[in-house]
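These figures come from a predicted structure and were not determined experimentally. A, B, ... follow the sequence lines: proteins, then strands. Residue 1 opens every chain.
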Number of protein chains: 2
Amino acid sequence: MVDYYKTYSKFYLALDCIIFGFDKGELKLLLIKRNISPMKGKWSLMGGFMDIGETLDDAAKRVLFQLTGLTKIYMEQLKVFSELNREPDERVISVTYYALIRSSDYNKINAEKHNASWQSVSEVPELVFDHNQMVNEALEKLKRKSRSQPIGLELLPHKFSLPQLQQLYEAIFQQKLDKRNFRKKMLSTGLFKREVTSDQQIGRNGTFIYSFDKKKYNELIAKGFVLDI
Amino acid sequence: MVDYYKTYSKFYLALDCIIFGFDKGELKLLLIKRNISPMKGKWSLMGGFMDIGETLDDAAKRVLFQLTGLTKIYMEQLKVFSELNREPDERVISVTYYALIRSSDYNKINAEKHNASWQSVSEVPELVFDHNQMVNEALEKLKRKSRSQPIGLELLPHKFSLPQLQQLYEAIFQQKLDKRNFRKKMLSTGLFKREVTSDQQIGRNGTFIYSFDKKKYNELIAKGFVLDI
DNA sequence: CCAAAAGTGTTGACCGTACACCCATGA
DNA sequence: TCATGGGTGTACGGTCAACACTTTTGG
């Protein structure tokens, strides 16, 4: 029975993570300078190889943890890349994941240790292999998904201002939005709770702080609600 | 250099195809009764293993061709399934593709040879391994994508009537639609050309036949048009 | 005191939705 | 002749988009 499998080929399986962040009104990517061959010294996505005994999701989490030290990060499988010569020396199939990191977690990342740095998505450098293509696919997916679901919130701190939220969507969709219409639309969902706070770190005095009511959101979703930003 | 890879594990890579069709107002799946172990005699998606020297897209096309004899079929990568024990005897990572087949191509398929048969998506039998989960993911994807893009048209003959088109969307979205509003919306896009035809095969006499203007659609898309059915 | 950023409502246009009857055909 | 299925238009309500001024604060 088991012999049945033996006629088939086996492949190396890699994971590559497209790690998004949002800071100072800009959408960013966490990139590393490779310190291993091949392509040592070139800019690259953070990646790794899959081990026996873990699922792809596990492996992606592990790779992200190695770079950032963070757990409980929003991650989602994107696409598999399998072109014959995508890596020069060996046939490697790469499964991509994209991850969304809150800027409030930035300082926890030991970026120097991995030669990692945040770079604006509007100026992505040339990356190794097919990594630029991976980044483009991830950006498209982020845009598409942001239109119908509030995943963008995974990029903001748990408490945020409406101007911050608007900047985020402007960065994702790459277009200016009308302030009054944006506020109206967001607040009309009833999913944003205004926080009573004396915290002055977010914006200037007079700026209202909100949090997202995830519980209420899930209840609405269960009733067939569609966000549609 | 190349030794660098040698510390990593290799995996069997399988392809599984979720093959949709549309006939007599019903959305269907092409399923096979497995004639090989493991799970011989059980219902299953059509699948196969990836070979050295082909990409995943190539392999998916090959698998689909083996079953249906059809080429130039709409196919898209869906998701990778990698649970540790998803197949009982060996660790196999499976990449799923979904395919959309026009009912006018049905008769070209030599279904008996592969123990294949079309079954309604509303009555999917119990399938081997995690194939039911694959089908559910594919259905969700088909729904989501149909809302913004006319991929459903890949399931219809090139010439079709508006009632046919409406039935298709009703089958995909699992809900009744208003006839007049549906027609208005579709025709207002200007993407459907009424054909002058004496062909009586589609519907009854008096039924207008349309075709989709793909060229015009691509032009509109390029200008930022979003279909939004 | 001046520049920059946050807060706040109204209106007109457009789109989505609800809804009923006639005609032709085939059983 | 009757049941089935295809074709057709209007009116109401709601949502989206455009638009300007005041206040506060930090430099």
Requested in this report: Kindly indicate whether the side chain of B:K179 and the base of D:dG7 share any N or O donor-acceptor pair separated by less than 3.5 Å?
Outcome: yes
Query raised in the report: In whole angstrom, what separates A:F192's CZ from C:dG7's P?
Result: 14 Å
Query raised in the report: Quick check: does any side chain N or O of B:Q164 sit under 3.5 Å from a backbone N or O of B:S161, one acting as donor and the other as acceptor?
Result: yes
Query raised in the report: Which whole-number value in Å describes the distance from B:F182 CZ to D:dG5 P?
Result: 17 Å
Query raised in the report: What residue among B:H158, B:E195, B:R194 forms side chain to side chain donor-acceptor pair (under 3.5 Å) with B:S211?
Result: B:E195
Requested in this report: Could you check how far CG of A:D178 sits from C1' of C:dT10, rounded to whole Å?
Outcome: 13 Å
Query raised in the report: Less than 4.5 Å apart, any side-chain heavy atom of B:K42 and any of B:K33?
Result: no
Requested in this report: Take the protein atom CZ of B:F208 and the nucleotide atom P of D:dG5, then report the distance between them rounded to whole Å.
Outcome: 19 Å
Report task. When you get a sec, tell me which of D:dG9, D:dG7, D:dC19 is the closest nucleotide to the side chain of A:R180? Result -> D:dC19
Query raised in the report: Which parts of residues 219-229 of chain B get close to DNA chain D, meaning a heavy atom less than 4.0 angstrom away?
Result: none
Query raised in the report: Which whole-number value in Å describes the distance from B:R183 CZ to D:dG7 P?
Result: 4 Å
Query - Between B:T55 and A:E83: side-chain donor-acceptor atoms closer than 3.5 Å - result: no
Report summary line: Taken to the nearest whole Å, CG/A:L177 to C1'/C:dG7 is 17 Å
Report task. With B:L70 as reference, evaluate B:I19, B:L64, B:I109 under the side chain to side chain contact (heavy atoms under 4.5 Å, CB included) test and give the passing residue. Result -> B:I109
Query raised in the report: Is the OH atom of A:Y74 crowded by more than 12 outside heavy atoms at less than 6.0 Å?
Result: yes
**Report entry** Selection from C:dT8, D:dA17, D:dG7 that lies nearest to any side-chain heavy atom of A:N181
**Finding:** D:dA17
**Report entry** Whole-Å gap separating P (C:dA6) and CD1 (A:I209)
**Finding:** 10 Å
Query raised in the report: What is the distance from CD of A:Q175 to C1' of D:dC16, rounded to the nearest Å?
Result: 14 Å
Requested in this report: Check if the side chain of B:K184 and the base of C:dT17 share a donor-acceptor pair of N or O atoms closer than 3.5 Å.
Outcome: yes
**Report entry** Minimum-distance nucleotide to A:P163 side chain [options: C:dC19, C:dA6, D:dG6]
**Finding:** C:dA6
Query raised in the report: Which word best sums up how the rings of B:F212 and B:Y217 line up, parallel for under 30°, tilted for 30 to 60°, or perpendicular for over 60°?
Result: tilted
